[in-house]
Amino acid sequence: MDDNEMWQAVQTCDPAYDGEFFYAVQTTRIFCRPDLPQYDPDRDLAKASKAVFDNYFSDRQELNQQLKELGVTRKQMSLVFNRYYDRKPAEYLIQVRIAAAKQALQAGASVFDAAADSGYTNYSSFYAHFRKLSGMPPAKYRQLFAQNISRAVMDTPIGPLRILASQDAILCVEPANYLEKKTSQATDQVPADRIIPNDPSGDLVKACMRELKEYFAGQRQRFDLPLSLEGTSFQQKVWQQLQQIPYGETRSYQQLAEMTGDKNASRAIGLANNCNPILILIPCHRVIGADGSLTGYAAGLAAKKLLLDLEKGGTKK
């Protein structure tokens with residue numbers, strides 16, 4: 001339309017042109033339009049701001065630029081967004097970013113890449129937000145939900161154990177209900193067991209199940225499986241030392257601290273021991289109190305006693 005057509009619409013207040021163009025008095029910065037009963041500028045602002053979050057969540061600089069181009073203050077945008085979507089813009093942005101991170105982890109991305117690609121520059125914030133919304137750390141989510149990881153639950157004398165493996169290594173051996181017991185908040189529903197056919201990850205899960213069966217039958221003392229451990233450098237140091245405790249023997253937390261080179265680290269040793277992601281294969285059950293008492297174990301003290309009694313009985317081969 002040209003200027004003459006628009007001016008004619010203004011003079012006649014033609015409703016057919018509602019929302020088609022705007023006009024203003026330049027000196028007063030006041031703009032006017034024909035009456036539009038259904039026109040809701042706040043709704044449009046809410047939808048526009050939501051679209052900015054949906055499209056630019058991963059690029060902080062562009063996100064801020066697009067929000068500026070909405071033409072209103074952040075405070076006004078926040079009030080309108082909250083009224084229409086019943087949540088603060090910051091809360092919605094976190095939800096969008098964590099949803100994107102979940103998709104990346106499901107596709108097999110590393111935790112670091114998932115955080116960066118979803119717009120996070122602070123890993124601690126990413127970890128906290130992810131855990132709050134999913135009920136588990138991002139590394140655990142990747143283990144359970146990634147499409148390239150095989151998983152299975154195996155019945156054992158100490159209860160059902162979940163086994164997870166990538167193409168390269170065993171990632172986790174833990175009680176099948178470990179997440180539910182460890183956290184009081186809701187967790188994302190764990191997907192069904194899946195051993196990927198004709199894939200190294202599936203072969204590793206099967207091999208782990210076979211070796212665990214031999215272990216519980218008293219026919220195996222050592223495991224011949226590659227392990228991949230996700231943890232701090234200190235935790236990994238402790239887990240490596242755990243693997244040096246011989247079958248059928250035990251060590252106290254103090255002795256384990258001395259093995260790691262810091263005799264004053266008993267408490268930290270206990271915390272690292274408690275975070276062991278691969279039960280039995282990394283024998284944290286062989287660590288006991290200084291007085292010989294059994295201490296905490298992910299599968300329970302009864303399970304710990306059973307394992308120690310099993311190992312005291314020796315092997316058949």
Side-chain angles (χ1 to χ4, degrees), residues 1-107 109-135 138 141 145 185-186 188:
M1 67 187 77
D2 57 23
D3 289 346
N4 290 332
E5 181 182 358
M6 289 188 287
W7 182 238
Q8 179 65 28
V10 171
Q11 290 181 312
T12 61
C13 294
D14 189 340
Y17 288 85
D18 283 348
E20 295 297 321
F21 69 92
F22 300 89
Y23 66 97
V25 179
Q26 186 173 10
T27 56
T28 63
R29 301 178 65 83
I30 298 173
F31 69 89
C32 307
R33 59 175 176 77
D35 289 340
L36 183 61
Q38 296 181 343
Y39 179 65
D40 185 350
D42 282 353
R43 179 194 61 192
D44 290 348
L45 174 60
K47 292 174 63 177
S49 56
K50 181 177 180 294
V52 169
F53 295 132
D54 289 340
N55 294 321
Y56 300 100
F57 64 88
S58 63
D59 187 334
R60 288 175 177 267
Q61 184 174 354
E62 186 63 25
L63 175 70
N64 289 328
Q65 180 60 36
Q66 291 294 326
L67 289 177
K68 286 181 181 179
E69 294 183 7
L70 292 176
V72 297
T73 65
R74 288 289 183 91
K75 181 178 181 180
Q76 177 64 17
M77 182 273 292
S78 297
L79 291 172
V80 171
F81 191 97
N82 197 9
R83 184 164 70 250
Y84 275 83
Y85 296 110
D86 196 28
R87 73 196 70 177
K88 297 178 181 179
E91 295 172 340
Y92 180 72
L93 181 58
I94 289 173
Q95 292 172 351
V96 171
R97 284 175 169 163
I98 295 304
K102 286 182 177 180
Q103 289 186 344
L105 293 172
Q106 290 171 19
S110 70
V111 173
F112 179 84
D113 286 344
D117 293 344
S118 57
Y120 279 90
T121 57
N122 185 305
Y123 183 79
S124 296
S125 295
F126 171 70
Y127 184 94
H129 293 163
F130 196 100
R131 187 157 194 161
K132 181 178 180 180
L133 293 182
S134 70
Y141 186 92
F145 290 84
Q185 68 185 93
D188 286 1

Peer 1: I need the minimum non-hydrogen distance between Leu133 and Gln95, along with the two atoms involved.
Peer 2: CD1-CA, 4.1 Å
Peer 1: Closest approach of Phe126 and Val111, non-hydrogen atoms and distance?
Peer 2: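 Closest pair (atom of Phe126, atom of Val111, distance): CE2-CG1, 3.9 Å.
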Peer 1: Return the orientation label for the Tyr123 and Tyr127 ring planes: parallel under 30°, perpendicular over 60°, tilted otherwise.
Peer 2: tilted
Peer 1: What residues, two or more places apart in sequence or in another chain, satisfy salt bridge (charged side-chain N to carboxylate O under 4.0 Å, His left out) together with Asp117?
Peer 2: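 Once residues adjacent in sequence are excluded, Asp117 has no partner under the salt bridge (charged side-chain N to carboxylate O under 4.0 Å, His left out) criterion.
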Peer 1: Are more than 12 heavy atoms from other residues, nucleotides or ligands located less than 6.0 Å from atom CG of Asn122?
Peer 2: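 Yes, CG of Asn122 has more than 12 neighbouring heavy atoms, counting only those of other groups under 6.0 Å.
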Peer 1: I'd like to check the salt bridge (charged side-chain N to carboxylate O under 4.0 Å, His left out) partners of Lys88; sequence neighbours left out, ordered by chain and number.
Peer 2: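 Applying salt bridge (charged side-chain N to carboxylate O under 4.0 Å, His left out) to Lys88 gives none.
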Peer 1: At their closest point, which heavy atom of Leu45 faces which heavy atom of Met77, and how far apart are they?
Peer 2: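 Closest approach of Leu45 to Met77: CD2-CA, 4.3 Å.
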Peer 1: Sub-3.5 Å donor-acceptor pair from the side chain of Asp42 to the main-chain atoms of Val80, do we have one?
Peer 2: no
Peer 1: Would you say Leu93 and Leu63 make side-chain contact, with heavy atoms under 4.5 Å?
Peer 2: yes
Peer 1: Return each pair, listed once, that meets salt bridge (charged side-chain N to carboxylate O under 4.0 Å, His left out) where at least one residue sits in residues 55-79; pairs must be two or more places apart or across chains.
Peer 2: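 Those involving residues 55-79 do not exist here.
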Peer 1: Is there a donor-acceptor contact under 3.5 Å from the side chain of Asp113 to the main chain of Ala109?
Peer 2: no
Peer 1: Could you pull out the closest heavy-atom pair between Arg97 and Ser118, with the gap in Å?
Peer 2: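 The pair with the smallest heavy-atom distance is CG-O, 2.9 Å.
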Peer 1: Quick one: side chain to side chain donor-acceptor pair (under 3.5 Å) partners of Gln76, sequence neighbours excluded?
Peer 2: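 By the side chain to side chain donor-acceptor pair (under 3.5 Å) rule, Gln76 matches no residue at all.
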Peer 1: So, applying side chain to side chain contact (heavy atoms under 4.5 Å, CB included) with Ile98, which one of His129, Arg131, Lys132 is it?
Peer 2: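 Exactly one pass, corresponding to His129.
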Peer 1: By the ring-ring contact (aromatic ring centres under 6.0 Å, His included) test, which pairs, at least two apart or in different chains, include something from residues 51-84?
Peer 2: Phe53-Phe81, Phe81-Tyr85, Phe81-Tyr92
Peer 1: Using the side chain to side chain contact (heavy atoms under 4.5 Å, CB included) criterion, which residues pair with Asp2? Sequence neighbours excluded.
Peer 2: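 For Asp2, the residues satisfying side chain to side chain contact (heavy atoms under 4.5 Å, CB included) (neighbours in sequence not counted) are Asn4, Glu5.
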Peer 1: Between Lys102 and Tyr141, does a side chain to side chain contact (heavy atoms under 4.5 Å, CB included) hold up when you go through it step by step?
Peer 2: CA-CA 8 Å; Lys102 286 182 177 180; Tyr141 186 92; 3.6 Å; yes
Peer 1: With side chains defined as the heavy atoms from C-beta onward, is the minimum distance between Leu105 and Pro138 less than 4.5 Å?
Peer 2: yes
